[in-house]
Amino acid sequence: MNLLLADDEPLMLQILKAYFVKEGFQVLLAEDGEAALNLFYNNQIDLAVLDWMMPGRSGVEVCREIKRTSRAKVLLLTAKGESDDEFVALKAGADDYLRKPFDSRILLLRVKKLLQLSSKIMVGELTVDLEGQKIYRRGVDVGATHKEFELMKVLGMNKGQIVTRKILLDQVWGFDYFGEERTVDTHIRRLREKIGEDSIKTYRGMGYCLEDQNE
């Protein structure tokens with residue numbers, strides 16, 4: 001899932017990015033309204049989290065523009081505390097609204113609810129249990145390692161989309177990992193041995209994609 005985070009507080013953006021990347025999201029960042037719209041128009045965004053008060057165009061203005069041209073979900077953040085803020089946000093087309101300061105766990109739950117993400121990802125005969133951190137094939141635990149599970153989680157949350165090796169490295173091994181991309185290939189090969197060779201497709205020169213063979 002592709003997430004756009006827009007806020008004029010760089011530190012908050014980095015904290016939220018790290019949090020959502022750990023949860024398997026692909027995250028883009030913007031520090032003002034114009035940058036947010038540019039990223040939105042040039043990428044396939046599933047949900048935008050927008051701060052109300054941003055330089056240039058406000059989060060409300062960006063929300064209106066996004067809703068005018070797409071079906072992407074929008075969640076507005078505000079620290080204003082005015083009694084009619086929620087009314088204005090919803091009238092602008094926002095799908096949800098959250099006041100600052102907020103608990104990151106609450107924001108994650110709101111985002112997952114908007115995207116209708118459950119605690120389990122079903123792909124053919126495979127089940128990825130996000131809470132239990134296990135992978136099941138035909139109801140049987142395949143015995144995935146932590147890294148194998150994390151790979152499957154990222155691929156599962158982006159089911160049907162090609163995920164590059166670099167993105168997998170960043171989200172599973174971390175941004176400070178300087179190893180080779182072959183590490184991903186090795187773990188994918190071992191994961192395939194456990195879940196079935198045909199579940200994860202290789203797109204040469206691009207990356208990997210988790211596909212439902214029953215669709």
Side-chain angles (χ1 to χ4, degrees), residues 1-123 128 130-131 153-161 163 167 171 210 212:
M1 290 291 178
N2 296 325
L3 191 66
L4 171 62
L5 300 178
D7 196 298
D8 60 354
E9 298 181 38
L11 179 58
M12 172 177 278
L13 281 179
Q14 292 301 325
I15 292 173
L16 289 179
K17 178 179 180 178
Y19 186 72
F20 277 101
V21 164
K22 186 178 179 181
E23 292 295 323
F25 289 88
Q26 296 182 41
V27 182
L28 295 174
L29 303 179
E31 295 184 17
D32 59 66
E34 287 296 335
L37 281 176
N38 286 335
L39 286 173
F40 182 83
Y41 289 137
N42 289 290
N43 296 274
Q44 183 179 341
I45 302 298
D46 298 296
L47 185 146
V49 178
L50 308 172
D51 183 40
W52 189 306
M53 302 296 290
M54 290 189 292
R57 305 182 71 168
S58 70
V60 172
E61 292 178 88
V62 175
C63 175
R64 289 196 187 103
E65 183 67 16
I66 287 175
K67 287 299 184 178
R68 186 180 67 81
T69 58
S70 78
R71 295 184 177 180
K73 301 293 185 180
V74 175
L75 188 152
L76 273 172
L77 304 174
T78 182
K80 291 177 62 181
E82 300 294 333
S83 59
D84 63 343
D85 283 353
E86 187 171 2
F87 173 79
V88 174
L90 296 177
K91 188 176 180 180
D95 299 281
D96 203 354
Y97 168 89
L98 191 61
R99 292 183 185 276
K100 292 181 176 180
F102 54 82
D103 187 321
S104 297
R105 295 172 300 176
I106 299 299
L107 177 59
L108 175 64
L109 288 176
R110 296 281 189 93
V111 166
K112 285 186 174 181
K113 183 177 180 180
L114 288 176
L115 295 173
Q116 297 183 326
L117 296 175
S118 69
S119 61
K120 293 183 179 180
I121 299 172
M122 314 291 287
V123 186
V128 185
L130 299 180
E131 293 185 356
K153 180 173 75 171
V154 175
L155 291 169
M157 291 186 68
N158 294 279
K159 184 177 72 170
Q161 301 180 42
V163 184
I167 288 175
Q171 298 196 10
L210 183 65
D212 191 338

Spacing of K159 atom NZ and M122 atom CE [to the nearest 0.5 Å]: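 Rounded to the nearest 0.5 Å, the NZ-CE separation comes to 9.5 Å.
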Pairwise side-chain contact, L5 with M12, heavy-atom cut-off 4.5 Å (strictly under):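 No; the side chains remain at least 4.5 Å from each other.
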L29 and Q14: CA distance, side-chain angles, deciding distance, side chain to side chain contact (heavy atoms under 4.5 Å, CB included) verdict: CA-CA 8 Å; L29 303 179; Q14 292 301 325; 3.5 Å; yes
Taking the side chain from D46 and the backbone from M1, do they hold a donor-acceptor pair closer than 3.5 Å?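 The answer is no, because no donor-acceptor pair under 3.5 Å joins these two groups.
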Quick check: do N2 and N43 have side-chain heavy atoms less than 4.5 Å from each other?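 No, every pair of side-chain atoms sits at 4.5 Å or beyond.
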Work out which heavy atom in A89 is nearest to a heavy atom in L76; give both atom names and the distance.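 Heavy atoms of A89 and L76 come nearest at CB-CD1, 3.6 Å.
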Any side-chain to backbone donor/acceptor pair from D84 onto F87? Under 3.5 Å, distance only.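 No, the answer is negative, given that no donor and acceptor are paired below the 3.5 Å cut-off.
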Least distance between heavy atoms, N158 atom then G24 atom: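 So the two residues come closest at ND2-O, 3.6 Å.
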Nearest 0.5 Å, what's the OG-CD1 distance between S104 and I15?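 So the gap between those two atoms works out to 7.5 Å.
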Value rounded to 0.5 Å, distance of CG in L77 from CG in L16: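 If I round to the nearest 0.5 Å, the distance is 8.0 Å.
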Determine whether a donor-acceptor pair (N or O, by modelled atom type, separation under 3.5 Å) exists between the side chain of K91 and the backbone of E86.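 Judged by distance alone, no pair lies under 3.5 Å.
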Apply side chain to side chain contact (heavy atoms under 4.5 Å, CB included) to residues Q26 and Q171 and explain how you reach the verdict. CA-CA 8 Å; Q26 296 182 41; Q171 298 196 10; 3.4 Å; yes
With R110, the side chain to side chain contact (heavy atoms under 4.5 Å, CB included) member among D96, V49, L115: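 Going through D96, V49, L115 one by one, the side chain to side chain contact (heavy atoms under 4.5 Å, CB included) with R110 is satisfied by D96 alone.
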Atom CZ in R57, atom CZ in R64: separation rounded to 0.5 Å?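 That separation rounds to 10.0 Å.
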Report yes if the side chains of L108 and F25 come closer than 4.5 Å at any heavy-atom pair, otherwise no.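 Side-chain contact under 4.5 Å: yes.
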Start with the C-alpha distance between F40 and V62, add both sets of side-chain angles, then the distance that settles side chain to side chain contact (heavy atoms under 4.5 Å, CB included), and finish with yes or no. CA-CA 10 Å; F40 182 83; V62 175; over 6 Å; no
Within the distance-only criterion (no hydrogens, no angle test), does the side chain of D7 pair as donor or acceptor with the backbone N or O of E9 below 3.5 angstrom?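 Here the side-chain-to-backbone pair exists.
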Which atom names give the shortest non-hydrogen contact between L4 and A30, and what distance separates them?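 What the structure gives for the nearest pair is CD1-CB, 4.5 Å.
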Is a donor on one side and an acceptor on the other found under 3.5 Å between the side chain of D8 and the backbone of E31?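 Absent.
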Considering all heavy atoms of both residues, which atom of G156 and which atom of I121 are nearest to each other, and what is their separation?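 In terms of heavy atoms, the two residues are closest at C-CD1, 3.6 Å.
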Which pair of non-hydrogen atoms, one from G93 and one from C63, has the smallest distance, and what is that distance?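 Looking at all heavy atoms of both residues, the closest pair is C-SG, 3.9 Å.
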Donor-acceptor contact below 3.5 Å, side chain D95 vs main chain V74: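 The answer is yes, because a donor-acceptor pair under 3.5 Å joins these two groups.
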So does K22 get a backbone contact from the side chain of K153, meaning a donor-acceptor N/O pair under 3.5 Å?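 Yes.
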Least distance between heavy atoms, I66 atom then A48 atom: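 Of all heavy-atom pairs spanning I66 and A48, the closest is CD1-CB, 4.0 Å.
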Applying side chain to side chain contact (heavy atoms under 4.5 Å, CB included) to L98 and L107, what does each step give before you reach the verdict? CA-CA 8 Å; L98 191 61; L107 177 59; 4.0 Å; yes
Run the salt-bridge test on E65 and R68 with the 4.0 Å N-O cut-off and return the result as yes or no.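 Looking at R68 together with E65, the answer is yes, because their closest N to O distance falls below 4.0 Å.
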Roughly how far, to the nearest 0.5 Å, is CG of L155 from CD of Q161?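 Interatomic distance, Q161 CD to L155 CG, rounded to 0.5 Å: 11.0 Å.
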